[in-house]
Asks: 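This structure is in structure tokens; I'll ask about it shortly.
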Protein chains: 2
Amino acid sequence: MRPAAPATIKDVARLAGCGIATASRVLNKSGPASTEMRERVERAARDLGFNFNAAGRALQSRKSMTIGCLVPSLANPVFAEAVQGVQSELLGSGYQLLISCSNYDDDADNAAITTLLENNVDGIIATMVAPNRSTALMQTKQRDIPVSLMFHDPIDGMVTAYVDNFVAAAEVARRFAAFGHTRVGFLALRFSTSDRSRNRYAGFYKQCRTSGLAQPSLIEISEEDAHHPERLAAILASYPDVTALFASNDFLAIAVQKATRHLGWQVPQDLSVVGFDGIEVGRLLETPLSTIETSPEAMGRQAAQSLLNALQGLGLKQRPPLPFSFREGETLAAPNPKRTDDDRVAAQPSSVHPAQDQNQSRTNP
Amino acid sequence: MRPAAPATIKDVARLAGCGIATASRVLNKSGPASTEMRERVERAARDLGFNFNAAGRALQSRKSMTIGCLVPSLANPVFAEAVQGVQSELLGSGYQLLISCSNYDDDADNAAITTLLENNVDGIIATMVAPNRSTALMQTKQRDIPVSLMFHDPIDGMVTAYVDNFVAAAEVARRFAAFGHTRVGFLALRFSTSDRSRNRYAGFYKQCRTSGLAQPSLIEISEEDAHHPERLAAILASYPDVTALFASNDFLAIAVQKATRHLGWQVPQDLSVVGFDGIEVGRLLETPLSTIETSPEAMGRQAAQSLLNALQGLGLKQRPPLPFSFREGETLAAPNPKRTDDDRVAAQPSSVHPAQDQNQSRTNP
DNA sequence: TTGTAAGCGTTATCAA
DNA sequence: TTGATAACGCTTACAA
């Protein structure tokens, strides 16, 4: 037996003994119908196991009831949680989620948006490498498709669900200062392609100056470095006078903790570390991570809410940044006055990462 | 200016000065066309910025070029990574990913499948609470829609991308035995709703008996317990003679490490812990987690490949289980002979979790 | 209150 | 090699 073709509204109408329009009106509760007709149609639909065909509907109504979501990667729990937030907010809304990942690639970002557009998504939620100069995103304006960003600080006229990275990062500098640190660093992955990372650095930098700290060292590392504790250790060792490090995300911060063990340093005695994001595992570490706690899920939810509002014709409105908080943890303490440069040099491995002064000057705000 | 309606194939045909059919043939390379015609059409399409409308296509071709994916939650990195694997495998295929989460709820599972079906997905990739008794999944058979499961051990006639949970868990028992443990436990979350968890327990149980260990204690805890180290500590303390614990996933294993600190126990000296999954952070812990290392991403990829094959008419074929490996880590060691029951009792908090003997007997394989 | 029919964008059939 | 034209399943004027 060949696969039974799903029942169409035509089948329902025939079984109910009425016109297609009537069936449609009843099933959609979109127009008048006598009680008797209503019952006949509903019964027929039930008996046939009728379901609307989304394609037919989309074609006619010019609404796909689908929302496109683009994130760099689902392997990063921060984005995965955000998507989870989007998903749960969309749950009862009738909208489906079409998903796409760019692997942090600008071209892939644009290609993905284009594909989503081809699929007639009614709205888009995205975190991109460069939303402000995405040609594909421009098309959404023309087609009047609402876009809601996640994680990005506000840019252009785009609506975004975010935490104020600048302000949050400044808080870290303030904490460093309060503990008496003077030489601090900012550790980043993919610094050049992440506006968030750059804004965090900017806020951190600004507050460092304001609080009278030395200009923070900007330490940009590769994915490779981050995955090899020895390599990361070597890099850390090349910044001997830094006593507190602000990592641009929690994974990096945890990797730093691991790397310090290679150097025989103690966190926070020999080096204070603060992360960003507030991922759950940070709490479970033997030395719980001090970090800026955010809620990616909340960002996803807010982005979805904004979009849903826009889709209901309520307008696309920018909301205030989402709250963050400083999670105390145990990786931030006063610098160890006993530790000398000599200790550091002694512990320093042979392979050394060159200090990247050019980077620092390039990226000063 | 009102939103410009996207160009249709009709517009292309008009601009190229040809019939719609010709335009379609050229654009799809689906039929003959003179070189000149080809050029005219392609040029017109380019000038208009023409893109196919997925809805029109889907309606006509009965193919949505969309694949539905259902997982319990994206907040769990294991599933998130799997979806990432699916996503990357689908990348060049022309298929889009429609995603849905059930939050580990059986009803939501079924509802989600139904919704995916309404959206005319061409295939489904899923991890569900109970795929074997999902009425919604039955519909896929009727409609001849291929389904590829992830994580589930093989059931019925369904194709699945998985690691052999039974065999992998047996390996843990073997390791415990090799280190001289005799009283061991299995710690599980959501045991009753996870076939994976149950299969792991079954394999673990079997090998424990084979290796001459005592019958393992089955310790089932709640989400709440898992998030509160004190509570988990109390539970652990109520199993004073267990010297090695197999946690049904890495997060649980990490939570155990954290909880033991509340009891003043050392891992692995006072308690050995082995996890399951092999998540990345496990490596970064001060005491790196010993665990069964799997690749959720590979599962996603394989599931997607299988589905893609089926969609190409190559048939839906079950592949052998994906490999796993035992990651040594540092949380597994020989039991500490010096530790006595008295020590344990002394360390035991006041609030005590009742041993759940009924669970153990209920779930014996 | 109901039904007929047009049309959404596409592909496929069939003549020309 | 081309181009009308008929579906595909649905919504919605417009008529009855």
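Chain naming here is simple, since letters A, B, ... match the order of the sequence lines and numbering starts at 1 in each.
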Asks: Under 3.5 Å, is there a donor on one side chain and an acceptor on the other for B:Asp156 and B:Asn132?
Replies: no

Asks: List the atom of A:Ser134, the atom of A:Asn110, and the distance in Å for their closest heavy-atom pair.
Replies: OG-OD1, 2.7 Å

Asks: Tell me whether B:Glu39 is salt-bridged to B:Arg43, with the criterion being a basic N under 4.0 Å from an acidic carboxylate O.
Replies: no

Asks: Can you give me the closest heavy-atom contact between B:Ser306 and B:Ser148, atom names plus distance?
Replies: CB-OG, 3.9 Å

Asks: Distance alone, cut at 3.5 Å: any donor-acceptor contact between the side chains of B:Ser73 and B:Asn103?
Replies: no

Asks: Rounded to whole Å, please give me the gap between CZ in B:Arg38 and P in D:dG3.
Replies: 14 Å

Asks: Tabulate atom names and distances for all N/O pairs under 3.5 angstrom spanning the protein and nucleotides 14-16 of chain D.
Replies:
none

Asks: What protein N or O atoms touch nucleotides 8-11 of chain C N or O atoms at under 3.5 angstrom, if any, and at what distances?
Replies:
unit_1: C:dC8; atom_1: O3'; unit_2: A:Arg62; atom_2: NH2; d: 3.2
unit_1: C:dC8; atom_1: O2; unit_2: A:Gln60; atom_2: N; d: 3.4
unit_1: C:dG9; atom_1: OP1; unit_2: A:Arg62; atom_2: NH2; d: 2.7
unit_1: C:dG9; atom_1: N2; unit_2: B:Gly56; atom_2: O; d: 3.2
unit_1: C:dT10; atom_1: OP1; unit_2: B:Asn53; atom_2: N; d: 2.9
unit_1: C:dT10; atom_1: OP2; unit_2: B:Ile9; atom_2: N; d: 2.5
unit_1: C:dT11; atom_1: OP1; unit_2: B:Asn28; atom_2: OD1; d: 3.3
unit_1: C:dT11; atom_1: OP1; unit_2: B:Asn28; atom_2: ND2; d: 3.1
unit_1: C:dT11; atom_1: OP1; unit_2: B:Arg57; atom_2: NE; d: 2.8
unit_1: C:dT11; atom_1: OP1; unit_2: B:Arg57; atom_2: NH2; d: 3.3
unit_1: C:dT11; atom_1: OP2; unit_2: B:Ser24; atom_2: OG; d: 2.9
unit_1: C:dT11; atom_1: OP2; unit_2: B:Asn28; atom_2: ND2; d: 3.0
unit_1: C:dT11; atom_1: O2; unit_2: B:Gln60; atom_2: OE1; d: 3.4
unit_1: C:dT11; atom_1: O2; unit_2: B:Gln60; atom_2: NE2; d: 3.3

Asks: List the atom of B:Ala303, the atom of B:Ala161, and the distance in Å for their closest heavy-atom pair.
Replies: N-CB, 3.8 Å

Asks: Can B:Arg46 and B:Glu42 be counted as an ion pair, charged N to O under 4.0 angstrom?
Replies: no

Asks: Measure from CG on A:Leu27 to P on D:dT12 and round the result to the nearest Å.
Replies: 13 Å

Asks: Side chains of B:Asn28 and B:Arg57: is there a donor and an acceptor less than 3.5 Å apart?
Replies: yes

Asks: Does A:Asp195 pair with A:Arg198 as a salt bridge, N-O distance under 4.0 Å?
Replies: no

Asks: Quick check for you: to the nearest 0.5 Å, what is the distance between B:Thr66 atom OG1 and A:Leu98 atom CG?
Replies: 6.0 Å

Asks: To the nearest 10 degrees, what angle separates the axes at the start and end of the helix from C:dT1-D:dA16 to C:dA16-D:dT1, five pairs each?
Replies: 50°

